[in-house]
Amino acid sequence: MILPRNFYEREPLAVAKALLGKVVVHETSEGTTAGRIVETEAYMGPEDKASHAYGGLRTCRTEPQFGAKGHAYVYLIYGMYYCFNVSVGEVPGKPEAVLMRALEPVEGMGLMVRRRPAAKGNVVKLANGPSKLCMAMDISKKQNGADVCTPPFYIRDAQPVPEEGIDAATRIGVDYADEWKHKPWRFYKRNCPNVSFRVK
DNA sequence: TGCACGATTCTCT
DNA sequence: GAGAATCGTGCAA
């Protein structure tokens, strides 16, 4: 079953943890790909200096973060890669989001391998990074603003990762965020080989 | 109108 | 372990 919208209408840290174990599904004309979420990061709105919406910055780019919860926020990074977030939070209109950092492929492996030549057929490397999973799942600007509660691009319910199986750590690539970079707001499934390799 | 830079990845050494 | 690739966005001028 597809996760209902109210799944996302909670405090971001809770959603980030609850998303571990769930499955992202993308149905395309090429075929269907799906991957279990094994790593996420939470971005806590206007107060969070690491967030693109820091200070309440609202532009064309950050717009999806301000809209209805359970929508995709996809953006281009370093001019060549995409990152995929979902808007979440208890407060309507507050720009909070959860970044998907790594997936464990569960369906459409052959298709993912084709979309990810650099992984050289290594299943672990297909989606063990925020931009890698976008390539493997064919997520791009077209998915920006998409509702992840409805096909063809959605997140399916699945066995959650128990609290004791979740590790928390600092977020990646946000050294510019002063005190916010130390927040343990990255969550991942313990001992999972599919989490993004850059540990610190 | 111009400019610096990033929620990254890959390749080569 | 280092460096390149590459461009939309935000902010200064």
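Below, chains carry the letters A, B, ... as their sequence lines are ordered, and counting in each starts from 1. Heavy atoms only: backbone and side chains are in, while hydrogens, waters and symmetry mates are out.
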Give me each pair satisfying salt bridge (charged side-chain N to carboxylate O under 4.0 Å, His left out) with a member in [range], each pair once, sequence neighbours excluded.
range: residues 29-38 of chain A; value: A:E30-A:R115
range: residues 59-78 of chain A; value: A:R58-A:E63
range: residues 118-127 of chain A; value: none

Expected list for residues 6-15 of chain A: side-chain donor-acceptor pairs under 3.5 angstrom, two or more places apart:
from: A:R10; atom 1: NE; to: A:F7; atom 2: O; distance (Å): 3.1
from: A:R10; atom 1: NH2; to: A:F7; atom 2: O; distance (Å): 3.4
from: A:E11; atom 1: OE2; to: A:L13; atom 2: N; distance (Å): 3.4

Close N/O contacts between protein and nucleotides 1-3 of chain B (under 3.5 Å):
none

Could you go through nucleotides 3-5 of chain C and list every protein N or O atom that sits under 3.5 Å from one of its N or O atoms, giving the distance for each pair?
none

Apart from A:L99 itself, members of its ILVMFWY cluster (side-chain separation under 4.5 Å) are A:Y43, A:V174, A:Y176
Using a 4.5 Å side-chain heavy-atom cut-off and chaining through intermediate ILVMFWY residues, the residues clustered with A:I77 come out as A:Y73, A:Y75, A:Y78, A:M80, A:Y81, A:M135
N or O in side chain of [X] less than 4.0 angstrom from [N] OP1/OP2:
X: A:Y176; N: B:dC5; answer: no
X: A:R101; N: B:dT8; answer: yes
X: A:R116; N: B:dC10; answer: yes
X: A:K125; N: B:dC10; answer: no

Letter by letter from the 5' end, nucleotides 8-13 of chain C scores (B base, S sugar-phosphate only, - none; protein heavy atoms under 4.0 Å) SSSS--
DNA chain B in dot-bracket form (Watson-Crick or G-U pairs under 3.5 Å, [ ] crossing, | inter-strand) is ||||||.|||||.
Please write out each protein N/O paired with an N/O of nucleotides 11-13 of chain B under 3.5 Å, distance rounded to 0.1 Å.
none

Applied to residues 146-157 of chain A, the side-chain hydrogen bond (donor to acceptor under 3.5 Å, both in side chains) test, sequence neighbours excluded, yields A:R5-A:D147, A:K22-A:D157, A:E27-A:Y154
